[in-house]
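These values consider heavy atoms only, across backbone and side chains, with no hydrogens, waters or symmetry-generated copies. This structure is a prediction, so every number in the text was calculated from the model and none was measured.
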Amino acid sequence: MSIHAPTPWLIGQPRPHSRLRLFCFAYAGGSASVFHGWQAALDPSIEVCAVQLPGRGARMAEAPIMSMPALLQQIAPLIARRNDRPFAFFGHSVGALIAFELARYLRLHGINGPARLIVSGCQAPQHRSPSKQYHTLADDALIDVLRDYNGTPPQVLQSRELMELVLPTIRADFSLAENYRYRTGPLLNLPISVFAGERDDNRGEGQVVGWSRETSQDCRVVWFDGGHFFIDSQRSQVLEQVGIELAELSGRMSA
């Protein structure tokens with residue numbers, strides 16, 4: 001199969017002459033559209049591939065995936081086929097957890113993995129808070145949770161029709177995170193960049209700096225103003241820092 005064969009899993013404009021590919025994983029309920037505009041904002045040498053999971057966007061009619069092992073088995077072969085240049089992972093919230101476990105999965109199966117991992121708005125795997133089992137809540141209670149998270153537009157929350165469309169996907173993503181069980185394994189051999197919000201609830205003891213326990217290389221923490229969804233409220237600052245992290249990676253590869 002061609003490296004750039006179309007797939008509903010990956011959204012982006014191929015850049016045959018780029019030096020680096022960035023795979024992006026959205027937060028719970030998010031889609032590839034979260035990363036709209038990233039390609040234009042980042043250096044032309046970077047090709048942005050936003051991962052589109054089932055149950056959102058053009059894949060709305062597909063059943064969302066509710067377990068991490070099943071999701072990794074689906075995504076890993078797609079990443080393995082895009083092995084013509086170095087790549088990095090960026091993920092926010094549950095997307096960061098997916099990116100981390102995918103990096104471990106690729107290494108475990110002898111598949112070329114990312115050269116850098118950028119995890120954003122996500123507790124370190126060994127320091128995750130006890131599950132609140134949001135995915136088991138009734139619809140109205142789950143909508144109240146989403147309102148408190150302040151990441152879903154009010155007009156969407158107020159529309160019963162829209163919420164009926166998106167709640168199954170949100171519930172599946174919460175299930176991915178809340179049923180996640182960390183297992184010890186070999187350290188990743190790649191630098192990790194940790195993006196964290198200064199007013200995010202996910203910043204307890206070890207939940208940010210604890211990412212350093214997952215790699216044998218450097219782990220850098222970068223703080224942003226804002227709560228859990230600083231990826232949206234501080235978009236320009238996040239993109240600037242992503243550019244810095246990837247420029248450093250490019251420099252290492254060309255040295």
Give the cluster check for [X] versus [Y]: same hydrophobic cluster or not, with ILVMFWY residues linked at side-chain heavy-atom distances below 4.5 Å.
X    : Y    : result
V51  : I111 : yes
M66  : W9   : no
L187 : I192 : no
L108 : I75  : no
F229 : V145 : yes

Checking the side chain of [X] only, and the main-chain atoms of [Y] only, is there a donor and an acceptor separated by less than 3.5 Å?
X    : Y    : value
D218 : P191 : no
R56  : P54  : yes
R59  : Q52  : yes
T215 : L190 : yes
R21  : R82  : yes
Q123 : Q207 : no
R171 : H135 : yes
T169 : G55  : yes

Minimum heavy-atom separation for [X] to [Y], with atom names?
X    : Y    : value
A32  : I11  : CB-CG1, 3.7 Å
Y27  : D232 : OH-OD2, 3.0 Å
A26  : S31  : CB-O, 3.6 Å
R116 : L249 : CB-CD2, 3.9 Å
L239 : A41  : CD1-CB, 3.7 Å
E47  : C49  : OE2-SG, 3.5 Å

Check whether any side-chain heavy atom of [X] lies under 4.5 Å from a side-chain heavy atom of [Y], and answer yes or no.
X    : Y    : result
L72  : R104 : no
Y182 : T184 : yes
V166 : M163 : yes
I231 : F90  : yes
L71  : E101 : no
P114 : L106 : yes
C24  : V48  : yes
L53  : I98  : yes

#### Entry: side-chain contact (heavy atoms from CB on, under 4.5 Å) evaluation trace for R81 with T7
CA-CA 11 Å; R81 286 197 287 269; T7 168; over 6 Å; no
### Query
Which word best sums up how the rings of H228 and H92 line up, parallel for under 30°, tilted for 30 to 60°, or perpendicular for over 60°?
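Rings of H228 and H92: tilted, as their planes differ by 30° to 60°.
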### Task
Measure the acute angle between the ring planes of W38 and F35, then classify it against the limits of 30° and 60° as parallel, tilted or perpendicular.
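Plane angle over 60°, so perpendicular.
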Within this structure, what is the [atom1]-[atom2] distance for the pair [X] and [Y], rounded to the nearest 0.5 Å?
X    : Y    : atom1 : atom2 : result
Q217 : L117 : CD    : CG    : 11.5 Å
I143 : L167 : CD1   : CG    : 5.0 Å
L165 : I170 : CG    : CD1   : 10.5 Å
W211 : L188 : CH2   : CG    : 9.0 Å
S175 : I65  : OG    : CD1   : 12.0 Å
I79  : L10  : CD1   : CG    : 6.0 Å

### Message
Determine whether F174 and L137 satisfy the following criterion, side-chain contact (heavy atoms from CB on, under 4.5 Å), listing intermediate values before the conclusion.
### Response
CA-CA 11 Å; F174 274 129; L137 294 176; over 6 Å; no
For [X], does the [atom1] atom have more than 12 heavy-atom neighbours from other residues, nucleotides or ligands under 6.0 Å away?
X    : atom1 : answer
E62  : CD    : yes
R235 : CZ    : yes
D144 : CG    : yes

### Task
Run the ring-centre check on F230 versus F195 and record whether the distance is less than 6.0 Å.
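Aromatic pair excluded; centres sit 6.0 Å or further apart.
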### Message
Tell me if the aromatic rings of F87 and F89 count as close, with their centers under 6.0 Å from one another.
### Response
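Yes.
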### Query
How far apart are the C-alpha atoms of L20 and L22, what are their side-chain angles, what is the distance that settles it, and do they pass the side-chain contact (heavy atoms from CB on, under 4.5 Å) test?
CA-CA 7 Å; L20 180 69; L22 177 65; 5.9 Å; no
### Message
Test side-chain contact (heavy atoms from CB on, under 4.5 Å) on S159 and E164; report intermediate values, then the result.
### Response
CA-CA 9 Å; S159 170; E164 286 179 354; over 6 Å; no
### Message
If we count only N and O atoms by modelled type, under 3.5 Å, do the side chains of E245 and Q241 hold a donor and an acceptor together?
### Response
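Side-chain D/A pair, E245 to Q241: present.
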